[in-house]
Amino acid sequence: LNESNRHMGIDDEEGKDDFFALLLVRSLGDATYMFLGSITFVLTWSILCAYGSERLREQAESNPGGASERWIEDIEGGKSALSVVGSLFVFT
C-alpha cells in the first residue's frame, strides 16, 4: 500500500471516527495551553523587565556616576543595534 491509502481502511471502520475526533480535540487543547503559556511567559517577562528598569533608574539617580548609570548609558547606546537585530528577527 502506498502512504496515501494506508489509513483508508481504518478511517472507514465503525467507531474509528470517535478516535480521530478525540485526537483532534486533544491536540487543539494542547495548543491552547501552549498559547496561553506563551502569552503568560511574555507578559511576566515584560513586567519583570519594566520593574528592573525602574529599579535601575532609581539606583542611577541615587548614585550618580555609579554602575547603574553606566548600565543605562550602555543600554541607551545599544538601542540602534537592538532595533536592527529586532527587525531581522521579525522579518525572519
Return all side-chain donor-acceptor pairs below 3.5 angstrom for residues 42-51, not counting sequence neighbours, or 'none' if the list is empty.
residue	atom	partner	partner atom	Å
Thr44	OG1	Thr40	O	2.8
Ser46	OG	Val42	O	2.9

Which atom pairs, donor and acceptor, lie under 3.5 Å between side-chain atoms of residues 55-62 and protein residues at least two apart or in another chain?
residue	atom	partner	partner atom	Å
Arg55	NH1	Glu58	OE1	3.3
Gln59	OE1	Ser68	OG	3.1
Ser62	OG	Glu58	O	3.3
Ser62	OG	Gln59	O	3.1

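Listed by chain and number, the hydrophobic cluster partners of Tyr33 come to none, as no ILVMFWY side chain reaches under 4.5 Å of it.
Annotation: salt bridge (Lys or Arg N to Asp or Glu O under 4.0 Å) contacts involving residues 36-51, sequence neighbours excluded, are absent.
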